[in-house]
Amino acid sequence: MKQLIATRLFQLVAVVLIVGSISFALMYFLPGDPALRIAAGRYGPDMMDNAISDMVRAELGLDQPVLFRFLAWMGDLIRFDLGHSLVSGAPVLHEIALQLGYTLWLAALAFVLALVIGPLVGAIAGLFPGSIFDRVSLLVAVALRAVPPFVLAIVFMMVFGVTLRWFPTAGFGGWSNMVLPSLTLALGLAAMSSRVMRDAMSEVAASPYFAHGRYKGLSDRTVVMRHGIRNASLPVVTYLGLQMVYLVEGVVVVESIFAFPGIGHALVHAIIARDVPMVQGTALAMGGLFVLLNIIVDLMCLRLDPRLGRRAA
Amino acid sequence: MNTASLTHLPVELRDGAKPAFWQPVRIVGAVILLALLAFAFVGPLVIGADPLFQDYLAVLVAPGDPAHWLGTDHFGRSMAARLVHGAQLSFVMAFVTALSAAVPGIALGILAASRGGWVERGLVALSDIVLALPGLLLVLLLMAFAPGKFGPLYLGLALYLWVEFFRVARIETARVLALPCCEATRLLGFGPFYVFGRIVLPALAGPMMTLFAFAMGSAIIAVSTLSAIHVGLRPPTPELGAMIVELMPYYSEAPLQVLMPAGVIFLLVLSLQLLAGRKS
Amino acid sequence: MSSEIRLENLSIKTRDGTVLVRDVSFAFGSGNPICLIGETGSGKSLVMHAVMGSLPDELICEGAILLDGENLLALSAAARRALWGRKFSLLPQEPSRSLDPTMTIRSQVAEIYPALHRASWNDAKTRAMKDLQSVGLDHAARSFPFELSGGMAQRASIAMAHAAGSMVLLADEPTKGLDRALCDVVAGMINHEVSLGRAVMVITHDLELAMQTTGMIGVMRNGVLVELGKADSVLHAPVDAYTKSLVAALPSQWEASSQNTHEPGKPVIAARSLGKSFGERALFKELDLTLRSGEITVALGPSGCGKSTLGNILLGLIKADFGTVERPGNLPAFKYQKIYQDPPAAFIPHQTLGDAFGDLRKRHGIDGASINRIFDDLGLEPGLLARRPDAISGGELQRFAIARALLLKPAMLFADEATSRLDPVSQKRVIDLLVAQVRERNLALMLVTHDHVLANKIADHVIDLSSLSSNGEQRTAA
């Protein structure tokens, strides 16, 4: 348990360091006047005039050593003083708080959907290896894994949005806007986890303890329910850790394609507009989301596998 | 239910033979990849058309036209020429990126496993730091320095992809070095070069080939994805992801033109993943 | 309630007609257990699975298996499945792998009651505790399998058989992977089940386990039952040639090897006040030890006592915490060689033996004649050189390992459990060869084993590490 906390704490610190230092570098090394940019970031572009930028220049002193300026920058970051967007002028925290809600819903919906589809398909395929169901699900999974999420998103948008007109293709006006983005992410995730579950299930079904359950006189149903599902879930849950990379990356991509007003979309926009405070804020939020998702997976592992809990205790 | 039929089979009846490297799946992957490579590298010689040449008299021509056998896009550019150059670009980018990730990754992995101590701890901590963020996020952040440029795209991808080579090479090297056969070989008077050449490197070759194919697949996905969300390479560069997004507004009139670059990406990634075999 | 199982001319074939087991007949029942002995591939586990009714569909049984007069082979697969738990229980090999790793053992015992006896879950839990009590595991009821030792896991699976209440107990290699001391405990548990009136059948390759059972012994080889009789008569007056070689290969039946009659040899390794701990646990301390040429020193003790560690310290592969190791004469490092427990692991997996010996020749400038001579001495077929290590039997590969070491004209050999993975006949052959080479070439041999009998047959000196961990004494067999 201590080990887990330490790992995730280390990860969180690394996220802050990476995002903070890249943003710092962006602020100072992008073409244009950094003082102007910093002043706009602090007080919002509407408040900008030469007097303020001169004040900033004097205060920060661009003649100060880089290390000093970097520490000041990180200090602001740690105090959650993320400044203002260079484009809209609104406080970054305020913007993020709004967008994070959308993104959390999207990620949660995709996660839950993937957890329903993937392991279920995988478990059935794993109990009947070599069956038609197994082969078809293998084919679909292999194909889906070779399709980048943005392509899947576009195909869905074209088919269900443009041609069939079942769901809206862009923006956010209600729950129907969540369907296509979350389905895109969920299918990608499920394609991977279904195969892990399938292999785990067939491995469990071939394990000595599964056979022994039958020798004890338990019915197939009982053996699958009591000794199959939980054990086969272990590798899947462990694998979820890797899948979280896919989920967070996918959120960025899918939000951008569907113009979904979440953090990922905002991040991409900020990068194109070189809105450094927003880049930093949204990247921090995505990184934080990533750490949070990993913690959820850790807790699921602990809950499922007694070996982890006992060893830690 | 005949699931556990093999379980009942006593160990002595089970076949313990190792599967061969060239399994059917790998062969299918290799064949698709070779076909794509021919398409990408021989294609330009056959087609000869400039992927940037615009012909406003022949806009969105459907595939099958005698003058434009794969049709044209919304600027009247030859789809065939654009696809061929796009495939070439994707493959070369992916290959160079994977190579730039593999060489330091493997070298550092072997170094960490054989030296141990603070060298290993430092490198592992470094790799953990890189892994703290999802790869795409890291590349995106670096892209902010120069959106649309090759440099940060290539650098960001290599910076992220080396970690997987490092991790696997380190674990595999450490595992192999701990085998009794390494100890036995040293006791028989053979030096470290013999141990590396005859035991460690052959053991690394398989997993590293697999990783390389996966890394190329990831790079292809990443480059096209970033271009599709307007952060990566930009029009008019014939990049497959950018092409899809460019053509999206014309989907109703020319659906095939949108699907063709998507198909090339799909086949490229699929062939690499099949060639990689199982990730394990 | 007593039960009897009678096999009449049981044959097992594959669908394409290959005969795996031919005409096996025997009977066992309450108070009259049977122990089937045989190597891997002898067909003993096929026979056991035929009795259980758990052979894969690809295999066909002929003959009859009668349970109290009813022919089980006439029943449908479903009807036979219905007997699992109710009539037949199986003690699995390597029980720690046969228990669900994510469930407490109490739950794994308790779940049998609702399934077989229509009991409520509350009732089941109480009764499961009684079953665990009957095997002395009540204190570990809430443990998970990974928290149990091999012997405890074996007891847990016996508790499951008790819960099922079946009268026929089939034990599949119950001592596989266990220490000698634990094997005795398992034998005791099985004998206890016999005394409770169960019909017990044990299959094993472990002759020592068979010696401790009381009923019949059947010896299987290549799918045929070559010998069947009362345990005493099979062990003391074997009739079949294979059984004879099997019995003769038991260390207790060996002739004591000729003791070293020379003058005490010159020391090749001298260790002074060695000490080594793993974490809190001290393996040994203040250990003095001298290995002399032409002498056999055996380090004895249960697994984990530090006997292999001691050998590795002498070879310089591990550092001791305290003490010194001296090598008089300043010989090069390769004059000190090691023979490993698991022969395939000691060879480079993808290299043919021919290449391995070729590289060794080049490295040390060995002439071909001496290679041939050593292969001759060790009874090795040069034709095998074209193969890779995994295509050669363990016994042969171990002899190649010895040949490889001897080619370097070593001063000392350290054999780390070098025969514990071999079948008894191969074990005897490898030990005989080792002893002969030590005497002939005047080597110092240090042999690590957990087998007291073997140790006392061949050793000039015995170091018992189980008695050494606490005090610093060195017990020496005269």
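To find a chain, count down the sequence lines: A is the first, B the second, and so on, and within it residues start at 1.
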Sort A/V15 into side chain, backbone, both or neither according to what part of it lies under 4.5 angstrom from a heavy atom of chain B. both
When heavy-atom pairs shorter than 4.5 Å are enumerated against chain A, which of B/V231, B/L272, B/L140, B/V245 gives the highest number? B/L140
Taking side chain as everything from C-beta outward and backbone as N, CA, C, O, which of these in B/L131 sits under 4.5 Å from a heavy atom of chain A? Side chain, backbone, both or neither. backbone
Centroid separation A/F160 to A/F156 less than 6.0 Å: yes
Please report the closest heavy-atom contact between A/F128 and A/D134, naming both atoms and the distance. O-CB, 3.7 Å
Taking NZ, NE, NH1 and NH2 as the nitrogens, is one of them in B/R82 or B/E246 under 4.0 Å from a carboxylate oxygen of the other? yes
Is the number of heavy atoms from other residues, nucleotides or ligands within 6.0 Å of CE (B/M209) greater than 12? no
Taking every non-hydrogen pair under 4.5 Å, which of A/E249, A/M157, A/Q11 racks up the most with chain B? A/E249
Atom group of B/S224 that falls short of 4.5 Å from chain A, counting heavy atoms: both
Exceeds 12 heavy-atom contacts within 6.0 angstrom, atom CZ of B/R234: yes
Part of A/A143 lying under 4.5 Å from any heavy atom of chain B: both
Examine whether an atom of A/T163 lies under 4.5 Å from a heavy atom of chain B, and if so say whether it belongs to the side chain, the backbone or both; otherwise answer neither. side chain
Under 4.5 Å, counting heavy-atom pairs only, tell me which of B/I221, B/T225, B/L270, B/L142 racks up the most with chain A. B/T225
Taking the ring centre of each residue, are B/F214 and B/F165 less than 6.0 Å apart? no
Verify, without hydrogens or angle tests, whether B/S90 (side chain) and B/A87 (backbone) share a donor-acceptor contact under 3.5 angstrom. no
From the list B/D128, B/L133, B/V130, the residue making the most non-hydrogen contacts under 4.5 Å with chain A is B/L133
Out of A/I22, A/L26, A/V245, A/L267, return the one with the most heavy atom pairs under 4.5 angstrom to chain B. A/L26
Exactly one candidate in B/V269, B/I244, B/L259 meets side chain to side chain contact (heavy atoms under 4.5 Å, CB included) with A/V151; the answer is B/I244
Just by distance, with hydrogens left out, do A/Q99 and A/T282 show a side-chain donor and acceptor under 3.5 Å apart? no
Is it the side chain or the backbone of A/Y246 that comes within 4.5 Å of chain B heavy atoms, both, or neither? neither
Which atoms of A/V142 are under 4.5 Å from chain B, going by heavy atoms: the side chain, the backbone, both sets, or neither? both
Could you look at A/A25 and say if it's the side chain, the backbone, both or neither that has a heavy atom under 4.5 Å from chain B? both
If you count heavy-atom pairs within less than 4.5 Å of chain A, which of B/I229, B/I220, B/I265 leads? B/I229
